[in-house]
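In what follows, a structure is listed as structure tokens, so that the remarks can point back to it.
Lettering follows sequence order; numbering is per chain, from 1. Since we're looking at a predicted model, the values are computed, not measured. What's counted below: heavy atoms across the whole structure, side chains too, no hydrogens, waters or symmetry copies.
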There are 2 protein chains.
Amino acid sequence: MPSRKSNSISRREEILEKAAKLFRKTGYAATTMRMIATATGMEAASLYNHISSKQELLEELLFSVASEFTGGMDRAEKLNAGPLEKLEFLVDLHIDLTLRWPDRIALVTGDWVHLEEPKLSAYTGLRNDYEQRFRSLITEGKKQDEMEDINTELGLFSILSTLHWLYSWLGKHPGLETQKIRKELKQCLLGGLRKSEYTK
Amino acid sequence: MPSRKSNSISRREEILEKAAKLFRKTGYAATTMRMIATATGMEAASLYNHISSKQELLEELLFSVASEFTGGMDRAEKLNAGPLEKLEFLVDLHIDLTLRWPDRIALVTGDWVHLEEPKLSAYTGLRNDYEQRFRSLITEGKKQDEMEDINTELGLFSILSTLHWLYSWLGKHPGLETQKIRKELKQCLLGGLRKSEYTK
DNA sequence: CCTACCGATCGGTAGG
DNA sequence: CCTACCGATCGGTAGG
């Protein structure tokens with residue numbers, strides 16, 4: 001009888017996965033509970049035995065991703081390395097998470113706006129924290145003379161915007177996640193910021 | 001009596017502007033005709049004297065933007081210059097259009113998926129054309145030895161993803177559109193691709 | 001996990 | 001440009 005409980009857990013997980021896929025393709029607002037139900041092979045009403053609301057699905061999806069990014073940033077900061085190398089670690093973090101959770105990551109791009117208060121504030125808070133720590137690495141890189149004196153906000157923005165869109169690109173180019181691509185992406189994103197004497 | 005017709009035209013334009021702003025903030029699916037009506041100071045039913053459907057609003061907004069991008073690409077290709085300089089022209093094009101139509105441009109990021117057939121195919125066709133012409137400039141830049149031998153798709157993607165997100169960044173940093181920022185953005189986007197002997 | 005169903009709200013129309 | 005209103009569909013509940 002342990003199967004009873006574990007089935008319920010995996011069923012919930014399945015609902016989350018199907019919901020993420022539908023939210024990504026159709027958007028949160030346009031995705032109906034009936035669509036999610038059909039995808040998981042049950043009636044809409046039955047979903048509510050596993051979850052409490054559509055909003056809860058969005059929350060769990062987004063906060064699971066946010067938590068992974070925060071944890072990754074923790075590890076980056078603890079690295080015994082310079083700011084530039086920490087930034088390269090973060091590029092790999094984004095690649096790894098995008099490969100693991102492409103559908104969930106897609107929600108970070110736009111559907112988070114459908115989060116309701118107070119979860120919305122909590123989410124944007126986590127996001128701002130992450131960006132602030134990212135920004136500090138750029139500032140530090142410039143201070144330590146590893147990086148060009150480019151406007152910090154501009155550098156931050158140009159790197160993060162590409163990282164946020166990785167999911168759509170990796171989806172269109174499957175099997176392209178190689179060491180070569182990882183290296184070239186770092187060159188695209190950081191090459192314009194890196195001082196030439198730091199080029200590997 | 002010319003005021004009659006011109007009022008009607010500007011009224012339609014006003015509806016489009018308000019719709020764009022709401023679509024951007026709330027998303028197409030979650031924006032109701034009643035919200036658009038309130039924003040323009042009329043009842044929902046009255047909107048239909050100026051437009052025929054919610055879908056039509058999305059179409060007009062997206063195709064007006066697409067047309068500007070296509071026209072800009074035409075001008076870029078006619079430039080008497082190398083591929084790298086044409087790419088820099090396109091960065092300016094994106095900045096210019098983003099400043100002119102921040103709300104419409106925002107729809108390019110995600111809400112275009114709510115376009116219905118056959119407009120959806122027409123739109124993605126225009127978008128693919130634009131990307132193909134962008135891609136050709138990168139290929140040409142590598143062939144003419146102006147640019148590093150980096151995976152073309154990766155270069156294309158890293159540049160366009162940042163350009164697509166300009167609207168959210170420019171919105172958060174008003175008054176930052178200076179020649180200095182334009183130059184630094186080109187450095188961020190193209191610096192990693194440009195061969196060092198081509199650095200200005 | 002299902003059948004049956006509800007109140008709310010949606011995009012849009014009729015008629016003036 | 002408004003009042004009045006419609007059919008469809010939404011997220012969610014009751015009860016088993």
Side-chain angles (χ1 to χ4, degrees), chain A residues 1-23 25-62 107 111 113-117 119-120, chain B residues 1-23 25-62 107 111 113-117 119-120:
Chain A
M1 342 276 133
S3 66
R4 177 76 170 283
K5 195 179 179 187
S6 72
N7 267 344
S8 184
I9 288 175
S10 67
R11 204 79 171 115
R12 192 170 200 280
E13 216 46 46
E14 190 191 344
I15 293 169
L16 278 167
E17 287 306 316
K18 301 289 188 187
K21 186 163 288 188
L22 284 163
F23 289 166
K25 188 184 160 202
T26 316
Y28 175 78
T31 300
T32 70
M33 296 306 279
R34 281 151 182 88
M35 290 164 70
I36 299 172
T38 300
T40 49
M42 62 175 82
E43 293 301 316
S46 306
L47 290 171
Y48 293 88
N49 288 296
H50 302 96
I51 54 137
S52 69
S53 70
K54 185 185 178 186
Q55 178 73 197
E56 189 192 61
L57 288 172
L58 185 64
E59 289 169 6
E60 192 153 329
L61 257 12
L62 280 168
L107 306 180
D111 263 343
V113 301
H114 293 111
L115 238 24
E116 292 163 12
E117 294 291 2
K119 294 284 182 178
L120 177 59
Chain B
M1 340 271 140
S3 67
R4 177 79 172 281
K5 196 179 179 188
S6 72
N7 267 342
S8 183
I9 289 176
S10 68
R11 204 80 171 113
R12 191 170 199 279
E13 214 49 44
E14 191 191 344
I15 293 170
L16 278 167
E17 287 307 315
K18 301 291 188 185
K21 187 164 287 186
L22 284 163
F23 290 166
K25 188 184 160 200
T26 316
Y28 175 78
T31 300
T32 70
M33 296 306 279
R34 281 152 182 86
M35 290 164 71
I36 298 171
T38 299
T40 49
M42 60 175 82
E43 294 301 316
S46 306
L47 290 172
Y48 293 89
N49 288 296
H50 301 96
I51 55 138
S52 70
S53 69
K54 184 185 179 186
Q55 178 73 198
E56 189 193 59
L57 289 172
L58 186 65
E59 288 168 7
E60 193 153 328
L61 257 10
L62 281 168
L107 306 179
D111 263 342
V113 301
H114 293 112
L115 237 25
E116 293 164 10
E117 294 291 4
K119 294 284 181 178
L120 177 59

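No side-chain heavy atom of A:Lys18 sits under 4.5 Å from any side-chain heavy atom of A:Leu57.
Distance B:Ile51 CD1 to C:dT13 C1': 13 Å, rounded to the nearest Å. At whole-Å resolution of the value, CG in A:Leu47 and C1' in D:dT13 are 14 Å apart. Summarising the geometry, the separation between OH on A:Tyr48 and C1' on D:dG15 is reported as 17 Å, rounded to the nearest angstrom. B:Glu43 places its CD atom 5 Å from the P atom of D:dT3, with the value rounded to the nearest Å. Rounded to whole angstrom, the span from the CZ atom of A:Arg12 across to the C1' atom of C:dC1 amounts to 17 Å. The distance from atom CD1 of B:Ile36 to atom P of C:dC10 is 11 Å, rounded to the nearest whole Å. Rounded to an integer number of Å, the gap from NZ of A:Lys54 to C1' of D:dT13 is 17 Å. When the P atom of D:dG12 is taken as reference, atom CE of A:Met33 falls 6 Å away, rounded to whole Å.
Nucleotide C:dC10 has D:dG7 as its partner under the Watson-Crick or G-U criteria, with both atom distances under 3.5 Å. Using N1 to N3 plus N6-O4 or O6-N4 for Watson-Crick, or N1-O2 and O6-N3 for G-U wobble, each under 3.5 Å, C:dG15 pairs with D:dC2.
Checking side-chain atoms of A:Thr26 against main-chain N and O of A:Phe23 turns up no donor-acceptor pair under 3.5 Å. Of the possible donor and acceptor atoms, one in the side chain of B:Arg12 sits under 3.5 Å from a partner among the backbone N and O of B:His50.
Comparing D:dC1, D:dT13, C:dG11 against the side chain of B:Met42 picks out D:dC1 as the nearest. Nearest nucleotide to the side chain of B:Ala45, out of C:dA14, D:dG11, C:dG11: C:dA14. In the set D:dG12, D:dC1, C:dG11, the nucleotide with an atom closest to the side chain of B:Arg11 is D:dC1.
When each of A:Asp111, A:Leu107, A:Leu120 is paired with A:Leu62, the side-chain contact (heavy atoms from CB on, under 4.5 Å) condition holds for A:Leu107 and for no other. With B:Tyr28 as reference, B:Gln55 is the one residue of B:Lys54, B:Gln55, B:His114 to meet the side chain to side chain donor-acceptor pair (under 3.5 Å) rule.
Within the nucleic acid shown, A:Thr31 comes within 4.0 Å of sugar-phosphate atoms alone, with no base atom in reach, counting heavy atoms only.
When the nearest nucleotides of DNA chain D are assigned to A:Asn49 and B:His50 by heavy-atom distance, the more 5′-ward of the two goes with B:His50. The residue among A:Ser46 and A:Arg34 whose nearest nucleotide of DNA chain C lies closer to the 5′ end is A:Ser46.
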